[in-house]
*Asks:* 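Here it is: the structure, laid out below.
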Amino acid sequence: MSHMWPGSSWLEIGAEGIRWRHMFRQNVHYRWRDINSIGIINIRTQYNTHKIVELYIGPENIGVCLPDLYGKKARHLVEIIEAYRSIYT
């Protein structure tokens with residue numbers, strides 16, 4: 001659905017950390033030093049299971065889910081994020 005409006009949703013991974021926007025909502029940004037770990041969680045519905053990438057943030061280790069997989073499989077997206085994280089931390 002978000003692909004119908006160019007620029008409404010995106011993911012940016014770089015030297016400063018990870019940043020995203022979903023469906024025109026405010027940008028979300030986390031610095032690499034604030035991300036403790038990255039994982040995949042399964043969300044079960046009545047009909048199927050969805051994999052979602054989750055970041056664990058700050059001293060409280062709060063889980064923050066990415067709103068989309070941006071055309072990747074969850075495992076591949078985690079590998080990409082971890083590769084950038086290993087370069088910049």
Side-chain angles (χ1 to χ4, degrees):
M1 184 73 163
S2 63
H3 304 293
M4 293 175 64
W5 295 285
S8 67
S9 299
W10 45 262
L11 174 69
E12 179 181 280
I13 306 169
E16 298 297 316
I18 186 168
R19 176 186 314 266
W20 69 83
R21 170 180 262 189
H22 185 68
M23 294 300 295
F24 298 108
R25 293 198 172 104
Q26 182 176 355
N27 295 352
V28 177
H29 179 243
Y30 291 103
R31 297 171 295 195
W32 293 123
R33 69 175 179 243
D34 297 330
I35 299 172
N36 300 323
S37 62
I38 303 162
I40 297 173
I41 61 171
N42 292 315
I43 303 293
R44 297 176 201 268
T45 65
Q46 184 176 359
Y47 301 106
N48 38 11
T49 300
H50 304 277
K51 293 185 182 294
I52 297 176
V53 175
E54 187 168 35
L55 309 175
Y56 299 94
I57 308 294
E60 298 85 23
N61 219 29
I62 295 171
V64 177
C65 294
L66 269 66
D68 196 346
L69 293 177
Y70 303 95
K72 306 289 184 197
K73 293 198 179 272
R75 174 64 31 217
H76 188 217
L77 184 56
V78 167
E79 289 171 359
I80 292 168
I81 296 169
E82 286 286 6
Y84 275 87
R85 186 170 170 232
S86 69
I87 293 168
Y88 294 114
T89 56

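Since this is a predicted model, take the numbers as computed values, not measurements.
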*Asks:* To the nearest 0.5 angstrom, please state how far the NE2 atom of His50 sits from the OG1 atom of Thr45.
*Replies:* 4.5 Å

*Asks:* Ignoring hydrogens, what is the shortest heavy-atom contact between Ala74 and Lys51? Give both atom names and the distance.
*Replies:* CB-CB, 3.8 Å

*Asks:* I need the full list of side-chain hydrogen bond (donor to acceptor under 3.5 Å, both in side chains) pairs touching residues 30-41, with sequence neighbours left out, sorted by first then second residue.
*Replies:* Arg31-Asp34, Asn36-Asn61

*Asks:* Please report the interatomic distance NE2(His29) to CH2(Trp20), rounded to the nearest 0.5 Å.
*Replies:* 10.0 Å

*Asks:* Would you call Glu16 and Tyr88 a side-chain contact if the rule is heavy atoms closer than 4.5 Å?
*Replies:* no

*Asks:* Val53 and side-chain contact (heavy atoms from CB on, under 4.5 Å): which single residue from Val64, Leu77, Ile80 fits?
*Replies:* Leu77

*Asks:* Is the shortest side-chain heavy-atom distance between Tyr56 and Ile38 below 4.5 Å?
*Replies:* no

*Asks:* Would you indicate whether the side-chain heavy atoms of Glu12 and Ile18 approach each other to under 4.5 Å?
*Replies:* no

*Asks:* When rounded to the nearest 0.5 angstrom, what distance separates CD1 in Ile35 from OG1 in Thr89?
*Replies:* 9.5 Å

*Asks:* Report the residues that fulfil side-chain contact (heavy atoms from CB on, under 4.5 Å) with Ile52, sequence neighbours left out, ordered by chain and then residue number.
*Replies:* Ile41, Ile43, Cys65

*Asks:* Quick one: side-chain hydrogen bond (donor to acceptor under 3.5 Å, both in side chains) pairs with a partner in residues 72-84, sequence neighbours left out?
*Replies:* Glu82-Arg85

*Asks:* Just how far is it from atom CD1 of Ile13 to atom CD1 of Ile87, taken to the nearest 0.5 Å?
*Replies:* 11.0 Å

*Asks:* How far apart are the closest heavy atoms of Tyr70 and Arg21, and which atoms are they?
*Replies:* OH-O, 4.1 Å

*Asks:* Could you tell me if the side chain of Leu11 sits less than 4.5 Å from the side chain of Asp68, heavy atoms only?
*Replies:* no

